[in-house]
Engineer: 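Below is a structure I'd like to ask you about.
Only this structure's heavy atoms are used, side chains among them; waters, hydrogens and symmetry mates stay out.
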Amino acid sequence: MSRPTPLRDVHESLGATLTDFAGWLMPLRYGSESAEHNAVRQAAGLFDLSHMGEIFVTGPQAAEALDYALVGQLSALTPGRARYTMIVNERGGVLDDLIVYRLGDEEFMVVANASNYEKVAAELTDRAKPYDAAVEDRSERYALIAVQGPRAQEILATLTDADLAGLKYYAGLPGLVDGREALIARTGYTGEDGFELFVAAQDAVPLWQALTVAGEPYGLLPAGLSSRDTLRLEAGMPLYGNELGPELTPFDAGLGRVVKFDKPGDFVGRSALEAVKDTPPRRRLVGLVARGRRVPRHGYPVTKDGAVVGEVTSGAPSQTLGKPIALAYVDTGAEAGLAVDIRGSQEPVDLVELPFYRRNK
């Protein structure tokens, strides 16, 4: 049975179409997917992300424990900053992609994907055993609400005195939002500017309502999973289970930059990743733009001269580009003359550099 977030009643009152996602009952859309997508690109969207996991690592050796457990150098973070990183297995395969916030000298919060956070918490607990550090899954205590879009800062500024303008990308600060304690973070998964608000679960409903009222004059709309997926796809951002998984290394996904071999000490998966870091992967993750109107979808074969040379991992119509787009793993060297096999029809596509969309800063 799907688990509800603290905002379930709000979603139902708004007429949302609810669906199971990673074991959670989540809003797929509230009305028009294109309207929600365009609101985020042009004004702002309001997202319930309470299905994500919040795992805390604390103690005198918390930084060292995370340096060993993850591929990044989290000890290099200063308090208040965040970093995108990954947890891999001994073979270098990706178990999850994460955002880690350093909240203090001895306190970190690891944000994991909904489908993986229990597994991530268990792995972190096991990997932290040799260190003076404690791992605690506090996901049940938190709700996570995101405001994404070019007017996000204006909207949030009506509800907080926190220094939003001074908050850097991939950073977070504690503050009051509508009188409620929150960790205000500036990351995002849409390609737009925006903020994530980590709050106590019991504060989710009143905060959502306050943001809705504050955002109405700016064109803010509630936005569901469908628009979140098309937004992140346009921004070329990977989704675990599509572009990332245990059989793929960070190098396969073109994200080798997150692996820090120069950090002190060993880390899980190091030897396996060192063995492949200088070897071009057999397939690489690329962007595809369809020439026609048919949409390449997850799992569709990518072909060249009739031979299969890859597979689509994510695909959707792009509201911003006005064309179908897709991410795909394609054989290295196969760049021209590509097509996607859509139910037996070879639909031509063009390979493009990622991301498909980049906002004007």
Engineer: Run Phe195 and Gln153 through side-chain contact (heavy atoms from CB on, under 4.5 Å) and show every step you take.
Structural biologist: CA-CA 8 Å; Phe195 301 86; Gln153 182 173 316; 3.9 Å; yes
Engineer: Any idea which heavy atoms bring Gly315 and Arg297 closest together, and the distance?
Structural biologist: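 Minimum heavy-atom separation between Gly315 and Arg297: O-NH1, 3.3 Å.
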Engineer: Report whether Leu211 and Tyr30 are members of the same hydrophobic cluster (ILVMFWY, side-chain heavy atoms less than 4.5 Å apart, transitive linking).
Structural biologist: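 Result: yes, single cluster for both.
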Engineer: What is the minimum heavy-atom distance between Ile155 and Ala44, and which atoms define it?
Structural biologist: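 Where Ile155 meets Ala44 most closely, the heavy atoms are CD1-CB, 3.6 Å.
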Engineer: In this structure, would Met52 and Ile87 fall into the same cluster of hydrophobic residues linked by side-chain contacts under 4.5 Å?
Structural biologist: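 No; Ile87 is not reachable from Met52 via cluster members.
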Engineer: Roughly how far, to the nearest 0.5 Å, is the OG atom of Ser226 from the CZ atom of Arg29?
Structural biologist: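 Taking CZ in Arg29 and OG in Ser226, the distance rounds to 4.5 Å.
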Engineer: So, the side chain of Tyr101 versus the backbone of Val111: is there a donor-acceptor pair under 3.5 Å, distance only?
Structural biologist: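 No; zero donor-acceptor contacts below 3.5 Å.
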Engineer: Angle between ring planes, Trp208 versus His11, binned at 30° and 60°: parallel, tilted or perpendicular?
Structural biologist: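 Plane angle over 60°, so perpendicular.
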Engineer: Sub-3.5 Å donor-acceptor pair from the side chain of Asp178 to the main-chain atoms of Arg180, do we have one?
Structural biologist: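 Answer holds: no.
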Engineer: Going through the checks in order, is the side-chain hydrogen bond (donor to acceptor under 3.5 Å, both in side chains) test met by Thr230 and His37?
Structural biologist: CA-CA 7 Å; Thr230 54; His37 179 109; 2.8 Å; yes
Engineer: Between Glu33 and Arg228, does any NZ, NE, NH1 or NH2 come within less than 4.0 Å of an OD or OE carboxylate oxygen?
Structural biologist: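 No salt bridge links Arg228 with Glu33.
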Engineer: Kindly determine whether Arg232 and Thr190 satisfy side-chain contact (heavy atoms from CB on, under 4.5 Å), including the steps that lead there.
Structural biologist: CA-CA 5 Å; Arg232 71 90 192 169; Thr190 63; over 6 Å; no
Engineer: Parallel under 30°, tilted from 30 to 60°, perpendicular over 60°: which one fits the rings of Phe267 and Phe261?
Structural biologist: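 Correct class here is tilted.
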Engineer: Check Glu347 with Arg294, please: is the shortest side-chain N to carboxylate O separation under 4.0 Å?
Structural biologist: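 Yes, this pair counts.
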Engineer: Passes ring pair (Phe, Tyr, Trp, His ring centres under 6.0 Å), Tyr189 versus Phe47? Steps please.
Structural biologist: CA-CA 11 Å; Tyr189 194 52; Phe47 295 87; 9.6 Å; no
Engineer: Is Val135 reachable from Tyr68 through a run of hydrophobic residues whose side-chain heavy atoms are each under 4.5 Å from the next?
Structural biologist: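 Not linked; separate clusters.
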Engineer: How far apart are the closest heavy atoms of Asp20 and Ser2, and which atoms are they?
Structural biologist: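 Nearest pair, atom of Asp20 first, then Ser2: OD1-OG, 2.6 Å.
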Engineer: Return yes if some donor-acceptor pair links the side-chain N/O of Ser50 with the main-chain N/O of Leu144 below 3.5 Å, else return no.
Structural biologist: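 It does hold such a pair.
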Engineer: Please name the pair of heavy atoms, one in Asp252 and one in Pro281, separated by the smallest distance, quoted to 0.1 Å.
Structural biologist: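 For Asp252 versus Pro281, the nearest heavy atoms are OD1-CB, 3.5 Å.
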Engineer: Please walk me through it: do Ile325 and Val295 pass side-chain contact (heavy atoms from CB on, under 4.5 Å)?
Structural biologist: CA-CA 7 Å; Ile325 60 174; Val295 180; over 6 Å; no
Engineer: Are Val100 and Leu95 connected, step by step, through hydrophobic side chains (Ile, Leu, Val, Met, Phe, Trp, Tyr) whose heavy atoms are closer than 4.5 Å?
Structural biologist: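 Cluster IDs for Val100 and Leu95 match.
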Engineer: For Glu107 and Thr58, does a side-chain donor sit closer than 3.5 Å to a side-chain acceptor?
Structural biologist: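 Distance-only check fails for Glu107 and Thr58.
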Engineer: Taking all non-hydrogen atoms of both residues, which atom of Ala152 and which atom of Val147 are closest, and how far apart?
Structural biologist: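 Smallest interatomic distance, heavy atoms only, reads CB-O, 3.6 Å.
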Engineer: More than 12 heavy atoms of other residues, nucleotides or ligands under 6.0 Å from CD of Gln202: is that the case?
Structural biologist: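 Yes, enclosed.
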Engineer: Do we get Arg102 above Phe108's six-membered ring, with its NZ or CZ under 6.0 Å from the centre and within 45° of the axis?
Structural biologist: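 The answer is no, since Arg102 fails at least one limit relative to Phe108.
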Engineer: Given the rule in the salt bridge (Lys or Arg N to Asp or Glu O under 4.0 Å) test, do Asp331 and Arg282 qualify, once you have shown the distances and angles that lead to the verdict?
Structural biologist: CA-CA 6 Å; Asp331 290 352; Arg282 184 177 69 86; 3.7 Å; yes
Engineer: Sequence neighbours left out, cut at 3.5 Å: what donor-acceptor pairs do the side chains of residues 160-171 make with other protein atoms?
Structural biologist:
{"unit_1": "Thr160", "atom_1": "OG1", "unit_2": "Ala162", "atom_2": "N", "d": "3.0"}
{"unit_1": "Thr160", "atom_1": "OG1", "unit_2": "Leu176", "atom_2": "O", "d": "2.7"}
{"unit_1": "Asp163", "atom_1": "OD1", "unit_2": "Gly166", "atom_2": "N", "d": "3.0"}

Engineer: If hydrophobic clusters are built from ILVMFWY residues whose side chains come within less than 4.5 Å, do Leu7 and Leu46 share one?
Structural biologist: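 In one cluster: yes.
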Engineer: Kindly determine whether Glu123 and Lys119 satisfy salt bridge (Lys or Arg N to Asp or Glu O under 4.0 Å), including the steps that lead there.
Structural biologist: CA-CA 6 Å; Glu123 283 289 339; Lys119 174 177 62 180; over 6 Å; no
Engineer: In sequence, state the C-alpha distance, the side-chain angles, and the governing distance for Thr303 and Asp341, and then conclude on side-chain hydrogen bond (donor to acceptor under 3.5 Å, both in side chains).
Structural biologist: CA-CA 7 Å; Thr303 63; Asp341 186 336; over 6 Å; no
Engineer: How about Glu136: does its CD atom have over 12 heavy atoms from other parts shown lying under 6.0 Å from it?
Structural biologist: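 Yes, enclosed.
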Engineer: What's the verdict on side-chain hydrogen bond (donor to acceptor under 3.5 Å, both in side chains) for Glu64 and Ser75, showing C-alpha distance, side-chain angles and the deciding distance?
Structural biologist: CA-CA 7 Å; Glu64 291 88 340; Ser75 60; over 6 Å; no
Engineer: Taking CZ in Arg91 as the centre, count heavy atoms belonging to other residues, nucleotides or ligands within less than 6.0 Å. Is the count above 12?
Structural biologist: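 Count not over threshold, so no.
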Engineer: If you measure from CE on Met86 to CG on Asp96, what distance do you get to the nearest 0.5 Å?
Structural biologist: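 Interatomic distance, Met86 CE to Asp96 CG, rounded to 0.5 Å: 9.5 Å.
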Engineer: Are any side-chain N or O atoms of Lys304 and backbone N or O atoms of Ala336, one a donor and one an acceptor, separated by less than 3.5 Å?
Structural biologist: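 Answer holds: yes.
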Engineer: So how far is it from Asn38 CG to Gln319 CD, rounded to the nearest 0.5 Å?
Structural biologist: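 Here the rounded value is 5.5 Å.
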Engineer: Applying side-chain contact (heavy atoms from CB on, under 4.5 Å), name anything that partners Arg291, two or more places apart in sequence or on another chain.
Structural biologist: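 For Arg291, the residues satisfying side-chain contact (heavy atoms from CB on, under 4.5 Å) (neighbours in sequence not counted) are Pro348, Asp350.
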Engineer: Are more than 12 heavy atoms, taken from residues, nucleotides or ligands other than Lys323, located less than 6.0 Å from that residue's NZ atom?
Structural biologist: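 It does not: Lys323 NZ has 12 such atoms or fewer within range.
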Engineer: Between Ser34 and Ser32, does the side-chain hydrogen bond (donor to acceptor under 3.5 Å, both in side chains) criterion hold? Intermediate values first, please.
Structural biologist: CA-CA 5 Å; Ser34 60; Ser32 163; 2.9 Å; yes
Engineer: Please identify which of these residues, Gln148, Arg186, Arg151, meets the side chain to side chain donor-acceptor pair (under 3.5 Å) condition with Asp193.
Structural biologist: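 By the side chain to side chain donor-acceptor pair (under 3.5 Å) criterion, Asp193 pairs with just one of Gln148, Arg186, Arg151: Arg186.
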Engineer: When rounded to the nearest 0.5 angstrom, what is the spacing between CZ in Arg83 and CG in Leu74?
Structural biologist: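 Between Arg83 CZ and Leu74 CG, I get 7.0 Å after rounding to 0.5 Å.
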Engineer: Is a side-chain donor or acceptor of Glu36 paired with a backbone partner of Gly224 at a separation under 3.5 angstrom?
Structural biologist: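 Between the backbone of Gly224 and the side chain of Glu36 there is a qualifying donor-acceptor contact (under 3.5 Å).
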Engineer: Could you tell me which residues satisfy salt bridge (Lys or Arg N to Asp or Glu O under 4.0 Å) with Arg41, sequence neighbours excluded, listed by chain and number?
Structural biologist: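 Salt bridge (Lys or Arg N to Asp or Glu O under 4.0 Å) list for Arg41, sorted by chain: Glu192, Glu234.
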Engineer: To the closest 0.5 Å, what do you measure between CG (Leu351) and CG (Leu288)?
Structural biologist: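 Taking CG in Leu351 and CG in Leu288, the distance rounds to 6.0 Å.
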Engineer: Return the CE to CG distance between Met1 and Leu25, rounded to the nearest 0.5 Å.
Structural biologist: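 If I round to the nearest 0.5 Å, the distance is 8.0 Å.
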Engineer: So, the side chain of Thr17 versus the backbone of Leu28: is there a donor-acceptor pair under 3.5 Å, distance only?
Structural biologist: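 Judged by distance alone, no pair lies under 3.5 Å.
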Engineer: Give me the one residue out of Asn116, Asn113, Thr85 that meets side chain to side chain donor-acceptor pair (under 3.5 Å) with Asp97.
Structural biologist: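 For Asp97, the side chain to side chain donor-acceptor pair (under 3.5 Å) check succeeds only for Asn113.
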Engineer: With the threshold set at 4.0 Å, does a side-chain nitrogen-carboxylate oxygen contact exist between Arg284 and Glu335?
Structural biologist: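 Glu335 and Arg284: salt-bridged.
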Engineer: Could you give me the CA-CA distance, side-chain angles and deciding distance for Tyr84 and Leu255, then say whether side-chain contact (heavy atoms from CB on, under 4.5 Å) is met?
Structural biologist: CA-CA 10 Å; Tyr84 177 78; Leu255 294 168; 3.9 Å; yes
